[in-house]
Amino acid sequence: MISREDQVALADQNPELKEILKSYKEGPSLTSSADIHTLRAELAEAKRKLTASTSTSYTPADYIEVDKQIPMRDGESIAIRIHKPKNPARDGCPGLVMLHGGGWALGGLDNEVALCRKWTTIGGIAINVDYRLAPEHTFPVPVEDAFDALVWTANHVKDLGINPKKGFIIGGVSAGANITCAITHLYRDGKMEPRLTGQYLSVVTVCDPAALPEKYKDFVFSREQNQNAVILDRKGMSMFEGSSSYSQESFLQHIGSDECEGIYKANPYSPLRSPLLFLSHKDLPPTYFQVCGADPLRDEGLLYEKILREEYGIQTKMDLFPGLPHSFWSFFPNAEFSKSFQKDTTRGLEWLLEQSSST
């Protein structure tokens, strides 16, 4: 159990990052513009640089990538990108369904190319999901798209070359991790097969502050402590999810109106936005967490890991990155701390595969 003092100290800025930021007039931010299209272009460029920085770890001769359209429940279709090893195992490969981050409003298939290619280097097949985004498609469409993509993958494991006995994992970063939490519960509740053998939650938000149960409020203070953090700050949180100032009764009165703030327009009291509120977290798969010390979302990851491990006996692995901000590896890909992050991620994914083979 982390002490309060140690929890507070997690926000102390990493020395290498402090030196890097001296060269910036302003640190990188997910809200450098009020225009969503500009923000999407800026994030896409950052992700291209991330992919380029990790490209020395593999070559196009090592993998195959194919884009495909799959159907959604409303009759529309979304894109997925299938990442496979060039020479997959004859008895099939472990599978990973991957959901990108971006505040439910930014990002796409190029976000997690580096991670999906990393997955192929350890023998896996990744399904990279381009769920629809707010503000064009507000809550709960991104969650529904992601769940439909997970179910589609489950129904096509043989065609895809996935052997779920080797591993069938769902993962996400930031908003994608939030969606991962929600649909892992839905998949469990639907008693669906093949069963999930692991989940990967990177810089996750599990509960809107407006809906956070009283008993957890003393533990969760990182949104206030890190409100002026690099990359994701209070302005960014408010832009994507609103001010979180509504009571449940007030929210229900204003839902769907312009007064329901935030690009995503989610109901903070729905478990599909705040998966901490699901009545039970029993029978969830082993979970790998990545938590950043200078991230407003830090304490939600710490709390959820503690609940899964202590209250439900779920196997967890957590990598903590003290003094580093939300999704730092995407914005400082050549820093030594980002190179270490990439190695930690590989070990975390391998840990999930070990849990898959032991169950």
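If you read the sequence from its start, that first residue is 1, and numbering goes on from there. The shown structure was predicted, so the numbers you read here are calculated from the model rather than taken from an experiment.
- Side chains of S270 and N267: a donor-acceptor N/O pair is absent below 3.5 angstrom, by distance only.
- Under the 3.5 Å distance criterion, the side-chain polar atoms of N178 are matched with a main-chain donor or acceptor of T205.
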Next item on the list: Start with the C-alpha distance between R298 and Q225, add both sets of side-chain angles, then the distance that settles side-chain hydrogen bond (donor to acceptor under 3.5 Å, both in side chains), and finish with yes or no.
Entry: CA-CA 10 Å; R298 179 194 68 211; Q225 184 189 21; 2.8 Å; yes
Note to self: Under the criterion side-chain contact (heavy atoms from CB on, under 4.5 Å), I'd like the reasoning laid out for F341 against E336: C-alpha separation, chi angles, the key distance, then a yes or no.
What the structure shows: CA-CA 9 Å; F341 168 87; E336 290 303 317; over 6 Å; no
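- No hydrogens or angles considered: nothing links the side chains of Y131 and E144 as a donor-acceptor pair under 3.5 Å.
- Looking at every heavy atom in both residues, I231 comes nearest to P325 through CD1-CG, 3.8 Å.
- Contact of the F332 side chain with the P28 side chain is registered, since non-hydrogen atoms from C-beta on lie closer than 4.5 Å.
- Using modelled atom types, one side-chain atom of S3 and one backbone atom of D6 make a donor-acceptor pair closer than 3.5 Å.
- Other residues, nucleotides and ligands contribute over 12 non-hydrogen atoms within 6.0 Å of the CG atom of D91.
- Linking ILVMFWY residues whenever their side-chain heavy atoms come closer than 4.5 Å, directly or via other members, leaves I70 and I64 in distinct clusters.
- Checked against a 6.0 Å centroid threshold, the rings of Y264 and F240 do not count as neighbours.
- In this structure, the side chains of T346 and K343 stay at 4.5 Å or more apart for every pair of heavy atoms.
- Counting heavy atoms from C-beta outward, R309 and I314 have side chains that stay 4.5 Å or more apart.
- For S338 (side chain) and N334 (main-chain N/O), no donor-acceptor pair under 3.5 Å exists by modelled atom type.
- Separating the CG atom in L303 from the CG atom in L297 is a distance of 12.5 Å, to the nearest 0.5 Å.
- In this structure, a donor-acceptor pair under 3.5 Å is absent between the side chains of T197 and Q355.
- Aromatic pair F337/F321: ring centres not closer than 6.0 Å.
- For the pair N14 (side chain) and L324 (backbone), a donor-acceptor distance under 3.5 Å is absent.
- In this structure a side-chain-to-backbone donor-acceptor pair under 3.5 Å is present from S23 to I20.
- Side-chain contact of D233 with Q227: a donor-acceptor pair under 3.5 Å is absent, judged by distance alone.
- With salt bridges taken as basic N to acidic carboxylate O contacts below 4.0 Å, one links D145 and R132.
- Transitive grouping of hydrophobic side chains (ILVMFWY, heavy atoms separated by less than 4.5 Å) keeps W152 and V141 in distinct clusters.
- Looking at E26 and Y24, their side chains never bring a donor and an acceptor atom within 3.5 Å of each other.
- When hydrophobic clusters are built by joining Ile, Leu, Val, Met, Phe, Trp and Tyr residues whose side-chain heavy atoms come closer than 4.5 Å, directly or via intermediates, Y312 is grouped together with L302.
- I125 places none of its side-chain heavy atoms less than 4.5 Å from the side chain of H83.
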Notebook entry, point to check: Can you check side-chain contact (heavy atoms from CB on, under 4.5 Å) on F328 and V203, steps first, answer last?
Noted result: CA-CA 10 Å; F328 62 86; V203 291; over 6 Å; no
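- Cation-pi geometry between R4 and F219 is not met at under 6.0 angstrom from the ring centre and within 45 degrees of the axis.
- Side chains of Y288 and D319: a donor on one and an acceptor on the other come within 3.5 Å.
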Check: Yes or no on side-chain contact (heavy atoms from CB on, under 4.5 Å) for V204 and V291, after CA distance, side-chain angles and deciding distance?
Finding: CA-CA 8 Å; V204 67; V291 176; over 6 Å; no
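- When all heavy atoms of Y187 and A154 are compared, the closest pair comes out as OH-CB, 3.4 Å.
- With no hydrogens or angles considered, a side-chain donor-acceptor pair links K118 and Q342 at under 3.5 Å.
- For R188 (side chain) and I183 (main-chain N/O), no donor-acceptor pair under 3.5 Å exists by modelled atom type.
- A side-chain donor-acceptor contact under 3.5 Å links S53 to the backbone of L50.
- In this structure, E350 does not pair ionically with R347, as no charged nitrogen and carboxylate oxygen lie closer than 4.0 Å.
- Considering only heavy atoms from C-beta on, L133 comes within 4.5 Å of R40 through its side chain.
- With hydrophobic clusters built from ILVMFWY side chains whose heavy atoms lie under 4.5 angstrom apart, I2 shares a cluster with V220.
- For the side-chain contact (heavy atoms from CB on, under 4.5 Å) with L96, the qualifying choice from L115, I170, I127, L353 is L115, the only one to do so.
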Next item on the list: Determine, step by step, whether T345 and Q290 satisfy the side-chain contact (heavy atoms from CB on, under 4.5 Å) criterion, reporting the C-alpha distance in whole Å, the side-chain angles of both residues, the deciding distance to 0.1 Å, and the verdict.
Entry: CA-CA 8 Å; T345 300; Q290 292 176 327; 2.9 Å; yes
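- Here the side chains of L277 and C207 are in contact, with some heavy-atom distance below 4.5 Å.
- Contact annotation: the side chain of D62 never approaches that of T120 to less than 4.5 Å [non-hydrogen atoms, C-beta and beyond].
- The shortest non-hydrogen separation linking A175 to G102 is CB-N, 4.3 Å.
- When all heavy atoms of K166 and A89 are compared, the closest pair comes out as NZ-CB, 3.6 Å.
- Classification of E241 and R223 as a salt-bridged pair holds, one side-chain N sitting under 4.0 Å from a carboxylate O.
- Residues Q199 and T180 bring no donor and acceptor atom of their side chains to less than 3.5 Å of each other.
- Classification of D67 and R81 as a salt-bridged pair holds, one side-chain N sitting under 4.0 Å from a carboxylate O.
- Ion pairing of E65 with R117 is present here, as a side-chain N (NZ or NE/NH1/NH2) and a carboxylate O approach within less than 4.0 Å.
- Within the 3.5 Å criterion, the main-chain N or O of D295 finds a donor-acceptor partner in the side chain of N226.
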Note to self: For a salt bridge (charged side-chain N to carboxylate O under 4.0 Å, His left out) check, start with the C-alpha distance between K317 and E305, then their side-chain angles and the critical distance, and finish with the verdict.
What the structure shows: CA-CA 8 Å; K317 176 180 173 63; E305 188 276 336; over 6 Å; no
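- If you look at Y304 and H281, their ring centroids are closer than 6.0 Å.
- When all heavy atoms of R273 and F139 are compared, the pair lying nearest together is N-CE1, 3.8 Å.
- Considering CG of L21 and CD of E16, their distance stands at 10.5 Å, rounded to 0.5 Å.
- Cluster membership for V8 and Y216, using ILVMFWY side-chain heavy atoms within less than 4.5 angstrom, is not shared.
- Of the possible donor and acceptor atoms, none in the side chain of S274 sits under 3.5 Å from a partner among the backbone N and O of A211.
- Across all their heavy atoms, V143 and L272 have their closest contact at CG2-O, 3.8 Å.
- Under 4.0 Å is where a charged nitrogen must lie from a carboxylate oxygen, and between D148 and R73 at least one such pair does.
- With hydrogens and angles ignored, the 3.5 Å screen pairs a side-chain donor or acceptor of S356 with a backbone N or O of L352.
- Counting heavy atoms from C-beta on, the side chains of E214 and K217 come closer than 4.5 Å.
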